[in-house]
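What follows is a short report on a single structure.
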Amino acid sequence: MAAHRVSPSLNRLLFAVKYASFQSGGCAVHCNAQYSTVHSPSEKTFDKILIANRGEIACRVMKTCHKMGIQTVAVHSDVDSSAVHVKMADEAVCVGPAPTSKSYLNMDAIMDAIRATGAQAVHPGYGFLSENKEFAKRLAAEGVAFIGPDTHAIMAMGDKIESKLIAKAANVNTIPGYDGVVKVWAHIQAFVLLLGYPVMIKASAGGGGKGMRIAWNAEETREGFRFSSQEAASSFGDDRLLIEKFIDNPRHIEIQVLADKHGNALWLNERECSIQRRNQKVVEEAPSTFLDPVTRRAMGEQAVQLAKAVQYSSAGTVEFLVDSKKNFYFLEMNTRLQVEHPITECITGLDLVEQMIRVAKGYQLQHKQEDIPINGWAIESRVYAEDPYKSFGLPSIGRLSKYQEPLNLSNVRVDSGIQEGSDISIYYDPMISKLVTYGATRAEALARMEDALDNYVIRGVTHNIPLLREIITHPRFISGDISTNFLPEVYPDGFKGHQLDLDTRRELLASAAALYITAQLRSQKVLGDLSPVECSRWELYVQLEDGSHSVEVTKSGNVEVDGGKVEVSGQWNLASPLLPLTINGTHRTLQCLSRDASGRILLQYLGTSFKVRVLSKLAAEFNSYMPEKVPEDTSSILRSPMPGTVVAVSVKPGDPVAEGQEICVIEAMKMQNSLTAVKQAKVKSVHCKPGETVGEGDLLVELE
Amino acid sequence: PSTLVRIPSFLFAVRAHPLLLLRDCRWYSVSHLSVKERIDKKRTAALVGGGQKRIDAQHKKGKLTARERVELLLDPESFVESDMFVEHRCSDFGMEQDRNKFPGDSVVTGRGRINGRLVYVFSQDFTVFGGSLSGAHAQKICKIMDQAMTVGAPVIGLNDSGGARIQEGVESLAGYADIFLRNVMASGVVPQISLIMGPCAGGAVYSPALTDFTFMVKDTSYLFITGPDVVKSVTNEDVTQEELGGAKTHTTVSGVAHHAFENDVEALLNVREFFNFLPLSNQDPAPMRECHDCSDRLVHSLDTIVPFETTKAYDMLDIIQTIVDESDFFEIMPSYAKNIVVGFARMNGRTVGIVGNQPKVASGCLDINSSVKGARFVRFCDAFNIPIITFVDVPGFLPGTAQEYGGIIRHGAKLLYAFAEATVPKITIITRKAYGGAYDVMSSKHLRGDVNYAWPTAEVAVMGAKGAVQIIFRGKENQAEAEAEYVEKFANPFPAAVRGFVDDIIEPSTTRKRICRDLEVLASKKQINPWKKHANIPL
């Protein structure tokens, strides 16, 4: 009887515990997106789908599969055996060792996995085999459905030269350029004379900015030619290049299309992806602030024309460059689900993966063009494990020692495939997650994004939240005045983090001082014999990069920074990574990244982490006697800026090098990075050789 | 300055009762004021030590003065000085002259508080005869050490001394011995901390060596028996002070010092922080501080931290830092014998000592240095009622002639001894390997471990699969098959669990929660070793 009474509450408790562990475990794709379409269980599609991908997109696809009652099969490399997508799947098959060429690109192993598990269809996600015609062919040969377009569409659109010709024929606007493969240097020179600089050199088989270079003069053209062909060869196994007129100051706006096998095609509005670095997207939004209904319709209709011209089925994306006069030019068509598809889902209410699965089974589209709404506004920030202070983002690796997604906030969607404890390795894309916020208006979506970024806890790897937060709060971004050159234009000398003004500096200093006092007071709260020192006012000195500031704190939370009053209050939990504070009446979430005994506090404030040192007045006075220790002279030492593989070493000991001369090339995450000398010197010693794996900060070359 | 305040109040009394007190007052005031003046003068002299010029020189070297150090180490206005008027008693070599007498001599002593908790302090004053140790200097130190023992409070020594006061000869040597004796008597009774903030050479080094913890300041502190000049003349070695006995040498090579800090300010602030972990004496339980970290917090990242390949390393510090309160871990000897990690942390507010094998360095094997490092730490914890939490991933003792000739048997036995004799709460978590004798050593059930857990990745066995198979199936074919069989049988926690050698196999994410709960239960643990004069650890 007693047991009977207890059990309901126990059940609730167990449920709460389970729920709590689910949340803090960070299981992937906490998608609280509201899809307007409801899956009808009577519509039978597949029993079992294999997802030939990893990370967030594999999790994203599985989520829809679970919703539709479809069994899922994950494939994984050996290092991914405890990855989230593996845990989420009903079955998992290891397809090889860590390098992608031996696992996620290993068609033989994946075909074996399909046979072994009896999967009826394959969702390729994006990247890897998603636009590989060979793979699609092999699936077709074994009667396995490919959840994507037919082989001929992949072939037609996969080649940039051919796709441009098809687009032209379908009356789609295209960029002036040479409609063919460039092979020899003389060929390029002749063509450049005709077009004029700048020109764009890109891999014919490319995508995602890989193997893509812009050249403004002959020398850059020559270098770009060399790098692009190398990168194209290593990324796509195809070193063919093409060249075209480079449109200056363009916006990157793409149209999502959805087509079925019955000749129906829809355009699901646009996504603006102009905020890019090195041709890779960083922040995307839907809709675009730039398009008027007329342009939108024109672009949508051309996209649908192209889709129909290649008998496209499934979800696809037609990318356009849009110039300042709203002229738009076809760039390429991606015959797969795009990374940034969630924002389209947010504003249209469609579940694109569900639609892809339906179409692959041969069903007709459920919607008419007039059924496609634009509901509100959605913004996506790509959260990467990379250092934004180095060329807007160089990959970093590490273990996520602490990881907490801001899912406590409403209208936030986080697509991720990692969890606390996951490793970000050099083998795969360094994306941590896609953080999507939406709201009735753009301002609402932006405000949520700000809040979400502040509440996102990532420890153990360097991440790009500082940059993301600066972008979405920049006046130019807010006003919609953006182009693909946004980052280099706004930060001509590179990204330097948030720049404090008088008020924000005071807020930061006040928060740091208050946190310090909280920790100091807590140190006195020890059980046992105590005679606590009564103190209600503290005089402190807080050092920031720009110098020392005098700060006075009173017990009531009033802080005076350099004579200016700041009121700080909040819940001071010294164990929590988040510090939700109210500073001068404004709510702000700060993060305490680290705190040490000598008063050093690393605070994340407005996205950027600031090094602060809080000292009592006495300690500050004594500290002035402490000698400055001279840091190591780094101008004669070349260290690897990121983990990766040494591709080439261009110097040997004794070689004289000029400033700016290439010393070696490091490949990381499939990008080749040329490292150059910062001064004229002689090479003293070389500590790396081609083919070697190096870590961030490893010594490569010493100069004299 | 405080005496100046008292004089006007006295004069005020005179004004209040002019007739009544005038005569008495005049009579007293003459002699009283003259004594007062002398007190004043002495105090003022004591406060400036060796004089402004020497203070400036001290600052120029990037060092604080003895008094500044005490001021920063202790809570504001908590310092109560003793023996400010003590002077040296030497009358040779012109030392008896007034200009060679400094009130307080070359050391500042007294008591104070760190975050409200009582501590006794001495701080050697380099500005007075280079901080050299006179009979009076030693007597002052002995006095506060005796008091600390009487009331049960730790002693912190701030060392900055050129050595013995040569003018005093044997009296100075006697002074050292007096201090050494007290260091030994206080050992295990109250915590003793030495912070080396300048030179400390010759016999003087043995006082820090006898204390529980020796910290150093980088670039400005040295510890050696004989300086570079003597070294050169005796062994003909060319060596700088820094190489011979600097902070780097002692924290990485010799293991004499437990931690090094950038400068005086950082060192003192860190010692304050460190002090918070310690009980005041062996009569006190481990301190308990207010804790903001949930005791039942699950640590999900631990479920994936141990790699699948048993040969692959991971960082034991990652485990420690995520389990303890607020990731606050004060590591002891972080740069020495890195194959073992030791240090202090808190679990649900209560101080604990953490010992862990470090798979990242030398596979976490036990060797001479790591055994000695671990043993000394375990014994400190046991002496001061600090529970010990041990994380085990040990492939065994390091083989080789260097180790055997160096006496790994003798030194390894120290760690074994320390764990076995410890009567404080002992909790052990086997994260992966626990092979051979090293399994026994690392706070195993057999050495009175109170709670012993294994993670699912644990392998408790006599040795690794390969070696074992080569012995069991010597000369047999299909070794690979035998190896697989061995792995299946032994490379898991079951052989130990079925015998009760581990109490439970737990999900790594629940480790913090369980340790916190166990510590609550074990708070009332009582265990007494058989009576003995003292034990005989294999030194």
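- Annotation: the span from B:Asn115 atom CG to A:Gln520 atom CD amounts to 6.5 Å, rounded to 0.5 Å.
- Residues in residues 271-283 of chain B take part in these salt bridge (charged side-chain N to carboxylate O under 4.0 Å, His left out) pairs, two or more places apart or across chains: B:Asp75-B:Arg272.
- Side-chain atoms of B:Val265 and A:Ser598, non-hydrogen and from C-beta on, never get closer than 4.5 Å to each other.
- Both the backbone and the side chain of A:Ser523 come within less than 4.5 Å of a heavy atom of chain B.
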Worksheet item: Checking side chain to side chain contact (heavy atoms under 4.5 Å, CB included) for the pair A:Gln524/B:Arg113: CA distance, chi angles, key distance, verdict?
Response: CA-CA 11 Å; A:Gln524 298 174 5; B:Arg113 291 182 184 262; over 6 Å; no
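- Of the atoms belonging to B:Lys218, heavy atoms from both backbone and side chain fall under 4.5 Å from chain A.
- With sequence neighbours excluded, no residue satisfies side chain to side chain donor-acceptor pair (under 3.5 Å) with A:Asn623.
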Practice prompt. For side chain to side chain contact (heavy atoms under 4.5 Å, CB included), just list the numbers for A:Leu400 and B:Ser301, CA-CA rounded to whole Å, side-chain angles, deciding distance to a tenth of an Å, and then say yes or no.
Written response: CA-CA 8 Å; A:Leu400 288 167; B:Ser301 66; over 6 Å; no
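- One finds the CE atom of A:Met626 at 10.5 Å from the NZ atom of B:Lys63 (value rounded to the nearest 0.5 Å).
- Using a 4.5 Å cut-off on side-chain heavy atoms (C-beta onward), A:Asp596 and B:Leu269 make no contact.
- For B:Gln321, no part lies near chain A; criterion is any non-hydrogen pair under 4.5 Å.
- Counting heavy-atom pairs under 4.5 Å between each of A:Gly599, A:Ser422, A:Ala575 and chain B puts A:Ala575 at the top.
- At most 12 heavy atoms of other shown residues, nucleotides or ligands fall within 6.0 angstrom of atom CZ in B:Arg54.
- Checking side-chain atoms of B:His292 against main-chain N and O of A:Leu574 turns up a donor-acceptor pair under 3.5 Å.
- The environment of CZ in B:Arg111 is sparse: at most 12 heavy-atom neighbours from other residues, nucleotides or ligands sit within 6.0 Å.
- Residue B:Ile305 holds its CD1 atom at 11.5 Å from OG of A:Ser82, rounded to the nearest 0.5 Å.
- More than 12 heavy atoms of other shown residues, nucleotides or ligands fall within 6.0 angstrom of atom CD in A:Glu539.
- Residue A:Lys87 qualifies as enclosed at atom NZ: its count of foreign heavy atoms under 6.0 Å is above 12.
- Atom-to-atom distance recorded for A:Tyr625:OH and B:Lys61:NZ is 15.0 Å, nearest 0.5 angstrom.
- Contacts between A:Lys617 and chain B at a heavy-atom distance below 4.5 Å are absent for every atom of the residue.
- A distance of 8.5 Å separates CG in B:Asp303 from CD in A:Gln419, rounded to the nearest 0.5 Å.
- The part of B:Asn276 that comes within reach of chain A is its side chain, from C-beta onward, which places non-hydrogen atoms under 4.5 angstrom from that chain.
- Side chain of A:Arg522 to backbone of B:Glu290: a donor-acceptor contact under 3.5 angstrom is found.
- The two residues B:Thr304 and A:Gly421 come nearest to each other via the heavy atoms OG1-O, 3.6 Å.
- A 6.0 Å sphere centred on NZ of A:Lys555 holds more than 12 heavy atoms belonging to other residues, nucleotides or ligands.
- In terms of heavy-atom proximity, B:Gly62 sits nearest to A:Pro627 at CA-CD, 3.6 Å.
- Here the CZ atom belonging to A:Arg459 is positioned 14.0 Å from the OG1 atom belonging to B:Thr322, to the nearest 0.5 angstrom.
- Both the backbone and the side chain of B:Asn263 come within contact range of chain A, each with at least one heavy atom under 4.5 Å from a heavy atom of that chain.
- At a 4.5 Å heavy-atom cutoff, B:Glu77 makes no contact with chain A through either its backbone or its side chain.
- Residue contact with chain B, scored on non-hydrogen atoms closer than 4.5 Å, involves the side chain of A:Arg613 exclusively.
- Of the charged side-chain nitrogens involved, at least one lies within less than 4.0 Å of a carboxylate oxygen, so that A:Lys629 and B:Asp219 count as a salt-bridged pair.
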